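Before any comments, here is the structure.
Remember, predicted model here, so these are calculated numbers, not experimental data. Note on naming: letters A, B, ... go to the chains in the order of the sequence lines (proteins, then strands), and numbering restarts at 1 for each one. Below, all heavy atoms of this structure are taken into account, side chains as well, without hydrogens, waters or symmetry copies.
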There are 2 protein chains.
Amino acid sequence: MQTNQPKSIREKSLKTILFAAQEEFVLQGYKGATVQSIADKAKLPKANVLYYFKNKENIYHAVLEHTLDMWDKGIGDIIPEDGPKLAIEKFIRAKVTMSFKHPQASKIYAMEIIQGAQHLKDFTRTYLRQWVRDKAKVFQHWIDNGEMKDVDPVNLIFLIWSSTQHYADFDNQILTIMNRADYEQDDINHVTRFLTDFILTGCELNND
Amino acid sequence: MQTNQPKSIREKSLKTILFAAQEEFVLQGYKGATVQSIADKAKLPKANVLYYFKNKENIYHAVLEHTLDMWDKGIGDIIPEDGPKLAIEKFIRAKVTMSFKHPQASKIYAMEIIQGAQHLKDFTRTYLRQWVRDKAKVFQHWIDNGEMKDVDPVNLIFLIWSSTQHYADFDNQILTIMNRADYEQDDINHVTRFLTDFILTGCELNND
DNA sequence: TTAAAATCTGACCCAATGGTAAGTTTATTT
DNA sequence: AAATAAACTTACCATTGGGTCAGATTTTAA
């Protein structure tokens with residue numbers, strides 16, 4: 001990131017292409033996505049897209065990176081000072097909000113992992129593994145302190161991840177089942193409430 | 001299915017191709033999968049594969065259908081007679097087992113839904129929607145009867161789905177995080193125990 | 001105003017891939 | 001054993017799609 005005010009042509013183009021690419025990759029998968037249709041979506045000639053990104057692989061990398069960045073920023077931290085109840089509440093709310101607001105990002109990530117995480121092996125082995133270990137330690141600390149039920153922290157993290165991201169990745173299925181066209185703000189609230197309530201109860205942290 | 005004993009050449013070929021195709025589709029996605037590499041995996045010449053299945057789309061359909069069949073058979077039912085505790089226990093155990101034993105199936109399905117469920121719109125709109133409504137009714141019945149906590153049944157179903165299938169769809173990520181090469185039987189048991197315990201607690205059904 | 005740099009574009013190339021055609025070999029039936 | 005059907009195979013075609021290139025146009029710098 002350089003200047004930020006008038007936004008150069010370069011930056012604008014990059015952003016447009018990235019956005020178009022994200023859509024295309026989600027809908028068609030990596031191989032299925034064509035540079036031509038990314039260009040069409042971005043309303044640029046194909047050669048122009050290839051001028052900004054050397055090749056298709058590069059576009060995909062950029063999309064992945066952008067996705068990870070956004071996800072990282074959007075999801076707050078789990079810190080000991082919050083205590084288990086508040087920390088879990090905050091975490092679930094953040095994840096649900098992200099899922100409803102940026103389903104594309106979640107989907108790109110999910111597909112990448114499902115297909116073997118070819119482009120994310122490194123990220124998973126280093127960053128993510130450490131993240132999980134750190135957070136598991138925080139949970140374990142609360143458990144040892146008698147502040148929450150003795151549940152396996154790692155699997156708890158998996159449960160929170162999966163149950164929240166489900167609303168992004170499987171939005172089509174969920175909407176079809178509920179016979180609805182789109183999510184609304186109420187849905188975010190409802191799901192957030194359901195999940196926090198349920199999971200806190202699972203941790204024996206609910207005092208309603 | 002016809003005869004079953006000596007198994008005709010046709011049946012054997014179909015099965016081989018289907019199995020190879022499943023692998024290929026998971027790894028490469030629909031577009032990324034090539035008939036040639038399906039053929040290679042099945043150790044048959046490409047034209048022979050196209051002899052059994054008119055075209056790539058047909059192979060994919062067959063894989064999807066096979067997947068749904070298997071899933072349907074593998075997951076028991078949720079019936080009122082079992083009562084909430086046993087029913088949920090059985091359901092989770094079945095889903096976790098399926099996830100660990102047939103991750104490919106789960107992945108194919110997940111990718112299809114994530115990408116917009118083009119080939120499963122019908123299945124979702126009719127069969128799945130009805131299934132969810134039926135099972136939600138069973139849960140609601142138990143709730144009204146005071147047999148379990150008043151949680152939203154539909155979202156409970158989503159939570160069980162997502163948290164169980166996560167171990168199939170994201171197996172790469174999970175194994176990498178845990179620094180392991182493969183799942184073992186112990187993992188199935190451990191996860192089953194964790195999820196049943198946690199979810200039953202969430203429904204206030206745990207009497208340990 | 002001019003030079004240089006950045007942006008844009010149409011035309012083209014070529015490898016990969018889905019699918020076909022036409023025929024050969026193997027299995028089954030009569 | 002002959003005839004028919006099923007299974008297999010080789011060679012080929014047409015299209016798609018990633019990527020290049022040479023030059024045009026616009027923007028920025030001197």
Side-chain angles (χ1 to χ4, degrees), chain A residues 1-64 108 111-112 115 118-119, chain B residues 1-64 108 111-112 115 118-119:
Chain A
M1 323 263 159
Q2 290 126 257
T3 57
N4 209 358
Q5 248 20 5
K7 186 166 265 188
S8 68
I9 288 181
R10 179 169 204 84
E11 279 176 75
K12 236 197 300 206
S13 293
L14 288 177
K15 198 176 159 188
T16 311
I17 295 169
L18 234 62
F19 191 80
Q22 192 182 46
E23 264 203 6
E24 179 72 3
F25 281 126
V26 168
L27 246 47
Q28 310 290 340
Y30 176 74
K31 266 283 189 166
T34 70
V35 178
Q36 185 61 62
S37 44
I38 293 175
D40 290 349
K41 278 204 171 85
K43 278 170 191 158
L44 292 171
K46 183 176 78 159
N48 198 1
V49 170
L50 269 327
Y51 164 73
Y52 282 107
F53 295 91
K54 284 294 143 264
N55 51 41
K56 186 169 146 181
E57 177 106 23
N58 264 316
I59 307 180
Y60 186 63
H61 273 143
V63 169
L64 268 188
I108 289 265
M111 289 184 49
E112 177 59 26
Q115 296 199 353
Q118 295 305 325
H119 303 80
Chain B
M1 324 266 156
Q2 289 126 255
T3 57
N4 209 0
Q5 244 26 2
K7 189 166 260 187
S8 68
I9 288 181
R10 179 171 203 82
E11 278 176 77
K12 237 199 297 206
S13 294
L14 288 177
K15 200 178 158 188
T16 311
I17 295 169
L18 233 62
F19 190 79
Q22 193 183 45
E23 264 203 5
E24 179 71 5
F25 281 126
V26 168
L27 244 46
Q28 310 291 341
Y30 177 74
K31 266 282 187 166
T34 71
V35 178
Q36 185 62 62
S37 44
I38 292 175
D40 290 349
K41 279 205 171 84
K43 279 170 191 160
L44 292 171
K46 184 177 78 159
N48 198 0
V49 170
L50 268 329
Y51 164 73
Y52 283 107
F53 295 91
K54 283 293 140 268
N55 52 41
K56 187 168 146 181
E57 176 106 24
N58 264 316
I59 307 180
Y60 186 63
H61 272 144
V63 169
L64 268 188
I108 288 266
M111 289 184 50
E112 177 60 26
Q115 295 198 354
Q118 295 305 326
H119 303 80

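- Within the 3.5 Å criterion, the main-chain N or O of B/Asp40 finds no donor-acceptor partner in the side chain of B/Ser37.
- Under the 30°/60° scheme for interplanar angles, the aromatic rings of A/His119 and A/Tyr30 are found to be tilted.
- At whole-Å resolution of the value, CG in B/Asn55 and P in D/dT15 are 17 Å apart.
- Contacts of residues 39-51 of chain A with DNA chain C (heavy atom under 4.0 Å): A/Pro45, A/Ala47, A/Asn48, A/Tyr51.
- The shortest distance between side-chain heavy atoms of A/Glu24 and A/Lys41 falls below 4.5 Å.
- Side chain of B/Lys15 to main chain of B/Arg10: no donor-acceptor pair is present (N/O by atom type, distance under 3.5 Å, no hydrogens or angles).
- The shortest distance between the side-chain N/O atoms of A/Tyr52 and the OP1/OP2 oxygens of C/dC8 is below 4.0 Å.
- The distance from atom OH of A/Tyr60 to atom C1' of D/dG18 is 18 Å, rounded to the nearest whole Å.
- B/Phe53 has its side chain out of reach of B/Val35: every pair of non-hydrogen atoms, C-beta onward, lies at least 4.5 Å apart.
- In the set C/dG18, D/dG18, D/dC8, D/dC8 carries the atom at the smallest distance from any side-chain atom of B/Ile9.
- Between the side chains of A/Glu112 and A/Tyr60, at least one donor-acceptor pair of N or O atoms lies under 3.5 Å.
- Remark: P of C/dG19 and CD1 of B/Ile38 are 11 Å apart, rounded to the nearest angstrom.
- As a whole-Å value, the separation of B/Ile59 CD1 from C/dG18 P is 9 Å.
- Between the CG atom of A/Leu14 and the C1' atom of C/dT7 there is a distance of 12 Å, given to the nearest Å.
- Under a cut-off of 6.0 angstrom, the local environment of OH in A/Tyr52 is crowded, with over 12 non-hydrogen atoms contributed by other residues, nucleotides or ligands.
- Comparing B/Ser13 and A/Thr34, the nucleotide of DNA chain D nearest to each residue sits closer to the 5' end for B/Ser13.
- Rounded to an integer number of Å, the gap from B/Lys56 NZ to C/dG18 P is 5 Å.
- Taking atom CZ on A/Phe53 and atom P on D/dT20, their separation rounds to 15 Å, with Å as the unit.
- Taking side-chain N and O atoms only, A/Arg10 has a distance below 4.0 Å to OP1 or OP2 of C/dT7.
- C/dA15 atom C1' lies 11 Å from atom NZ of A/Lys31, rounded to whole Å.
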